[in-house]
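All remarks here apply to the structure that follows.
Any value given below was found using the heavy atoms of this structure, including those in side chains, with hydrogens, waters and symmetry copies removed. What you see is a predicted model; the values in this text were computed from it and never measured.
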Amino acid sequence: MNTLSYKGYIGTIEVSEPDNCLYGKVLDLPKETLISYEGQTIKELREDFEGAIDDYLTFCKEEGIEPHKTYSGSLNVRLSPDVHSKVAILAKQTGISINAFIRKAVENQIASML
């Protein structure tokens, strides 16, 4: 899936052949919060996406409400007890927390795939 990213928000890129346009919506927001955008070109789509995010953030500021983020940065990962134990031992041996160990492992995996 192709996506756009702006100010921590991630949105889809979709094609509507009947309408001959591009469109998308911001991912992972609550049901009551829909941010959509469209354009004839990728440039127009990106501009409308960024404008929609800016409008949303302005609205939230004016209304005094906390804007929803697509991803908080907090993730609950379930591991088997055996893997959890191995991670704890390796983290301790390298002098870092379990959280830091897992974060580093994920970052290294992402870097190897890009």
Side-chain angles (χ1 to χ4, degrees):
M1 174 191 317
N2 292 320
T3 59
L4 297 169
S5 178
Y6 180 66
K7 294 186 177 180
Y9 292 88
I10 299 170
T12 63
I13 300 174
E14 306 289 336
V15 176
S16 174
E17 289 187 39
D19 298 321
N20 195 33
C21 73
L22 303 167
Y23 69 97
K25 69 177 184 174
V26 175
L27 296 173
D28 295 318
L29 292 175
K31 288 181 188 178
E32 67 275 5
T33 305
L34 174 64
I35 303 174
S36 61
Y37 44 89
E38 64 180 59
Q40 296 297 312
T41 65
I42 293 294
K43 182 177 188 267
E44 287 179 7
L45 185 72
R46 176 173 294 285
E47 288 171 355
D48 201 41
F49 168 68
E50 292 177 0
I53 297 297
D54 289 338
D55 289 347
Y56 171 68
L57 295 174
T58 298
F59 169 79
C60 289
K61 186 175 182 179
E62 289 172 354
E63 295 296 315
I65 58 177
E66 187 69 26
H68 295 285
K69 283 289 194 178
T70 53
Y71 297 98
S72 67
S74 178
L75 177 66
N76 185 7
V77 178
R78 302 207 187 285
L79 305 171
S80 70
D82 184 51
V83 170
H84 191 168
S85 175
K86 289 175 182 173
V87 167
I89 292 167
L90 291 169
K92 183 80 168 167
Q93 288 175 344
T94 56
I96 60 176
S97 69
I98 291 173
N99 192 58
F101 184 88
I102 292 171
R103 182 176 52 248
K104 191 173 201 172
V106 170
E107 288 169 351
N108 288 343
Q109 181 66 29
I110 290 169
S112 74
M113 296 178 81
L114 296 178

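Remark: Leu45 engages Leu4, Ile13, Leu22, Tyr37 in a side chain to side chain contact (heavy atoms under 4.5 Å, CB included) (not counting sequence neighbours).
With hydrogens and angles disregarded, no donor-acceptor distance shorter than 3.5 Å links the side chain of Ser85 to the backbone of Pro81. Proximity of a side-chain donor or acceptor of Tyr9 to a complementary backbone N or O of His68 within less than 3.5 Å is detected. Judged by distance alone, with hydrogens and angles left aside, the side-chain atoms of Thr12 form a donor-acceptor pair with the main-chain N or O of Lys25 at under 3.5 Å.
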- Message: Pair Val77, Val106 - check side-chain contact (heavy atoms from CB on, under 4.5 Å), show working.
- Response: CA-CA 11 Å; Val77 178; Val106 170; over 6 Å; no
- Carefully, step by step, assess Thr33 and Tyr56 under the rule side-chain contact (heavy atoms from CB on, under 4.5 Å). CA-CA 10 Å; Thr33 305; Tyr56 171 68; 3.8 Å; yes
- Decide side-chain contact (heavy atoms from CB on, under 4.5 Å) for Lys86 and Val83; before the verdict, give the C-alpha distance in whole Å, the side-chain angles of both, and the deciding distance to 0.1 Å. CA-CA 5 Å; Lys86 289 175 182 173; Val83 170; 5.6 Å; no
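Ile102 CD1 to Leu75 CG: the interatomic distance, rounded to the nearest 0.5 Å, is 9.0 Å. The distance from the CD1 atom of Ile89 to the NE2 atom of His84 is 10.5 Å, given to the nearest 0.5 Å. Taken from CD1 in Ile10 to CG in Leu29, the straight-line distance is 10.5 Å, to the nearest 0.5 Å. Once rounded to the nearest 0.5 Å, the distance linking CD of Gln40 with CG of Asn20 reads 6.0 Å.
Residue Ser97 comes nearest to Ala91 through the heavy atom pair O-CB, 3.8 Å, listed as atom of the first residue, atom of the second, then distance. What you find for Glu38 and Asp48 is that their closest heavy atoms are N-OD2, 2.8 Å. The two atoms that bring Ser36 and Ala52 nearest to each other are O-CB, 3.9 Å, heavy atoms only.
Under the 4.5 Å side-chain heavy-atom criterion for Ile, Leu, Val, Met, Phe, Trp and Tyr, Ile98 and Ile96 are members of the same hydrophobic cluster. In terms of hydrophobic clustering, with Ile, Leu, Val, Met, Phe, Trp and Tyr side chains grouped at heavy-atom distances under 4.5 Å, Phe49 and Phe59 are assigned to different clusters.
When side chains are defined from C-beta on, Val26 counts as touching Ile53, because their heavy atoms get closer than 4.5 Å.
Applying the side-chain hydrogen bond (donor to acceptor under 3.5 Å, both in side chains) definition to pairs two or more places apart or across chains, none involves residues 102-114.
Around the CD atom of Glu32, the shell of radius 6.0 Å holds more than 12 heavy atoms that belong to other residues, nucleotides or ligands.
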